[in-house]
Amino acid sequence: MIQAIYIISRNGVPIYFKELMGEDEDSVTKATLFTGIISAIQTVLREIYAGDANYFTTATHEIFLEVTNDFAVALVTKIDKDSNKQSMNNLMSEIITAITFQFEEIPEIGFLMEEDQNRIEEIVESKLNKWERRDEEGSATKKLKDALW
Amino acid sequence: MHYGEYMLEQNGIPILALIIEPLVAVGMLILAVGGFMKYIEKKRQPTLYLTLSFVFYSLGIASSGIGKWIQFFAKVSPEEISYADGTILIAYGLTAIATVFLMVFVDLVFLEVGPWFITLVGIVNGITVGMLLTKLNFSSNAYDEALSIVIFHALVTLALVLLLAISSLREAKQNKERLPKIGFTFIGLYGLFVSMVFILFAVDIALGGGYSAFYYMAWVSAGIGSLFGYVGYIMPDWFKKLIKV
């Protein structure tokens with residue numbers, strides 16, 4: 001179950017974020033903290049030549065990451081033994097492809113015009129809806145596990 | 001009659017047909033019993049409808065087999081009373097009912113398109129059963145008289161069983177987990193082999209319906225299909241151990 005999606009600029013500023021479990025007053029602060037920490041971890045890893053991280057876990061959550069030259073996409077999900085990592089990676093790849101296709105360049109500092117923000121929001125919403133429909137289709141597995149296997 | 005000929009055929013029924021049809025009926029019955037035990041354990045709607053489809057498929061195959069046994073040992077010639085022709089029409093009626101139950105399962109698990117799909121399948125197969133009943137008799141040309149209905153039934157069933165196969169194989173392709181991937185693949189193979197049954201019977205009919213090699217290939221296909229079905233649907237513990245899940 002996806003908890004949040006973040007589009008992060010090269011210097012760690014959240015270009016766009018969506019918290020699917022409901023946003024609160026501190027959402028912007030939390031998103032800025034989260035993307036800043038992710039960016040810092042990536043910088044450290046690069047500094048020590050360990051390469052970009054693309055997956056973290058905590059005791060309760062999983063964080064999926066995909067980094068491009070201009071920006072990164074992060075997905076936060078609750079730990080679930082049935083979660084499909086490939087499906088998460090596919091969602092991130094689709095979002096990255098759509099953003100790369102529609103934007104010539106994402107400013108390094110991460111601040112976008114309102115119109116551009118809306119375009120990114122549309123992209124994420126449409127890809128997320130498509131992914132959720134695909135995930136629903138996967139419910140045949142749940143049904144047969146429940147009914148037969 | 002020569003002893004050798006007697007061993008191969010009597011009253012127009014080859015001995016091999018007497019063996020192969022009950023064997024497949026037993027295979028399908030094992031599927032039905034397995035499905036019923038799963039239903040007792042899980043109490044889920046898809047399991048119930050799947051089990052009902054196996055019950056009616058096994059009754060259909062058994063009906064065809066019983067007709068052949070009666071005719072084989074009958075004192076009257078098939079020109080006077082053709083038990084095999086009459087019972088095969090009953091068999092098709094039962095498989096038409098079985099297919100409706102199978103499509104309820106397909107809708108519950110894969111399609112989720114709502115009652116219109118089941119209503120449509122129910123009406124089409126209900127018409128098939130009704131038309132088969134009007135043609136039901138035990139004369140030597142009973143099967144020929146109902147041939148157009150049989151072809152209609154075969155085409156409808158072929159399309160519907162292919163729908164099961166495609167839905168299941170697509171699900172297997174999308175799945176990364178070992179158990180459902182294998183389970184859906186086997187269910188898909190069950191659908192493909194059952195589809196092959198109708199195609200092979202059609203070829204047999206096109207060749208004159210005289211127990212050609214395609215008739216036996218159709219039953220072998222049904223037998224293989226029921227094996228795949230047993231593994232895919234019932235997924236026995238020994239198989240789970242075998243695939244290490």
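We name chains A, B, ... by the order of the sequence lines, and we start the count at 1 in each one.
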**Prompt:** Quick one: what part of A/Leu148 sits under 4.5 Å from any heavy atom of chain B, side chain, backbone, both or neither?
**Reply:** both
**Complete:** Ordered numerically, the heavy-atom neighbours of chain A under 4.5 Å found in residues 44-57 of chain B are B/Arg44, B/Pro46, B/Thr47, B/Leu50
**Asked** Among residues 30-39 of chain B, which residues come closer than 4.5 Å to chain A, judged by heavy atom distances?
**Response** B/Lys38
**Fill in**
Interatomic distance, CZ@B/Phe110 vs CG@A/Leu144, rounded to 0.5 Å, equals 5.5 Å
**Prompt:** Between B/Pro180 and A/Trp149, what is the shortest heavy-atom contact and its length?
**Reply:** CA-CZ3, 3.5 Å
**Asked** Who pairs with A/Glu125 by salt bridge (Lys or Arg N to Asp or Glu O under 4.0 Å), at least two apart in sequence or on another chain?
**Response** A/Lys18
**Prompt:** Salt bridge check: are A/Lys143 and B/Glu171 linked by an N-O gap of less than 4.0 Å?
**Reply:** no
**Item:** A/Thr58: side-chain contact (heavy atoms from CB on, under 4.5 Å) partners, not counting sequence neighbours
**Value:** A/Thr60, A/His61
**Prompt:** So which of B/Ser167, B/Gly183, B/Ser168 has the biggest tally of heavy-atom pairs under 4.5 Å with chain A?
**Reply:** B/Gly183
**Prompt:** If you count the non-hydrogen atoms of other residues, nucleotides and ligands that lie under 6.0 Å from CD in A/Glu114, is the total more than 12?
**Reply:** no
